[in-house]
Amino acid sequence: PKQKTGEYFVDVRSFEDVALPLLEPSDAVDVYCIDEVGRMELHSPAFRAAVLRLLAAKKPIVGALAAPIYGHRVPLADEISRRRDVSVVPLKTSTRKVASSTKLALLESIFEPQRQ
């Protein structure tokens, strides 16, 4: 069954078939990329649980969190951004260069201890 968010529809089953296996914590994965934690993804409670499992496993994640728009909040994005083990780098056209440098420095700090 498809769920509606705004003018878009989400095929939750297909989304879960693709996304959930990729979000299983694994020692074979150095860093996970999640694009994005937004309103459409929240139609899947299993996705929410998988993201929280990855965070609990202390796996490095680079991702996009939906920003509040027109007063609409995304509860999971808010929950993730409040975590002490998460660094949120706001991204706007005007901050793109600084944000890119900041994200690169964060990733380097994660992997630097492993190189030594």
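Bear in mind that the values here come from a model prediction, so they are computed numbers and not experimental data.
By the rule that hydrophobic residues join a cluster once side-chain heavy atoms approach within less than 4.5 Å of another member, V62 and L106 end up as members of separate clusters. Cluster annotation: L54 and F15 are assigned to the same hydrophobic cluster (Ile/Leu/Val/Met/Phe/Trp/Tyr, side-chain heavy-atom contacts under 4.5 Å, transitive). The hydrophobic clustering, which links ILVMFWY residues whose side-chain heavy atoms are closer than 4.5 Å, places L55 and V74 together. The same ILVMFWY cluster, assembled from side-chain heavy atoms under 4.5 Å apart, contains both V29 and L23.
We find that D27 and K59 are joined by a salt bridge, their nearest charged nitrogen and carboxylate oxygen being less than 4.0 Å apart. A salt bridge between R48 and E41 is absent, with no side-chain N of the basic residue lying under 4.0 Å from a carboxylate O of the acidic one.
Counting only heavy atoms from C-beta outward, the side chains of K58 and D85 approach each other to under 4.5 Å. Within the 4.5 Å cutoff, the side chain of E24 has heavy atoms near those of the R53 side chain.
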Practice item. Evaluate side-chain contact (heavy atoms from CB on, under 4.5 Å) for I34 paired with F47, printing each intermediate quantity in order. Key: CA-CA 11 Å; I34 301 175; F47 173 78; 4.0 Å; yes
Point to revise | Candidate pair T5 and L42, rule side-chain contact (heavy atoms from CB on, under 4.5 Å), full reasoning | key: CA-CA 10 Å; T5 297; L42 293 186; over 6 Å; no
Point to revise | L52/L76 under side-chain contact (heavy atoms from CB on, under 4.5 Å): CA gap, chis, key distance, verdict | key: CA-CA 9 Å; L52 293 176; L76 181 57; 4.0 Å; yes
Practice item. Mind running side-chain contact (heavy atoms from CB on, under 4.5 Å) on V31 and I110 for me, showing each step along the way? Key: CA-CA 10 Å; V31 64; I110 291 169; over 6 Å; no
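The environment of K92 atom NZ is sparse: at most 12 non-hydrogen atoms of other residues, nucleotides or ligands sit within 6.0 angstrom.
With values rounded to the nearest 0.5 angstrom, S100 atom OG is found 7.5 Å from R96 atom CZ. Rounding to the nearest 0.5 Å gives a distance of 10.5 Å between CG of L91 and OG1 of T102. Atoms CE and CD, on M40 and Q3 in that order, are 12.5 Å from each other to the nearest 0.5 Å. Taken to the nearest 0.5 Å, the CG atom of L65 stands 5.5 Å off from the CD1 atom of I80.
Applying the 4.5 Å side-chain rule to ILVMFWY residues, one finds that V18 remains a lone member of its cluster.
Judged by distance alone, the side chain of Y32 and the main-chain N or O of V51 form no donor-acceptor pair under 3.5 Å. A donor-acceptor pair is defined here as one N or O able to donate and one able to accept, closer than 3.5 Å; no such pair exists between the side chain of S14 and the backbone of D11.
When every heavy atom of S44 is checked against every heavy atom of E16, the shortest pair comes out as OG-OE2, 2.5 Å. The two residues A77 and A66 make their nearest non-hydrogen contact at CB-O, 3.8 Å. Summarising the geometry of P90 relative to T95, their closest heavy-atom pair is O-OG1, 3.5 Å, with the distance given to 0.1 Å.
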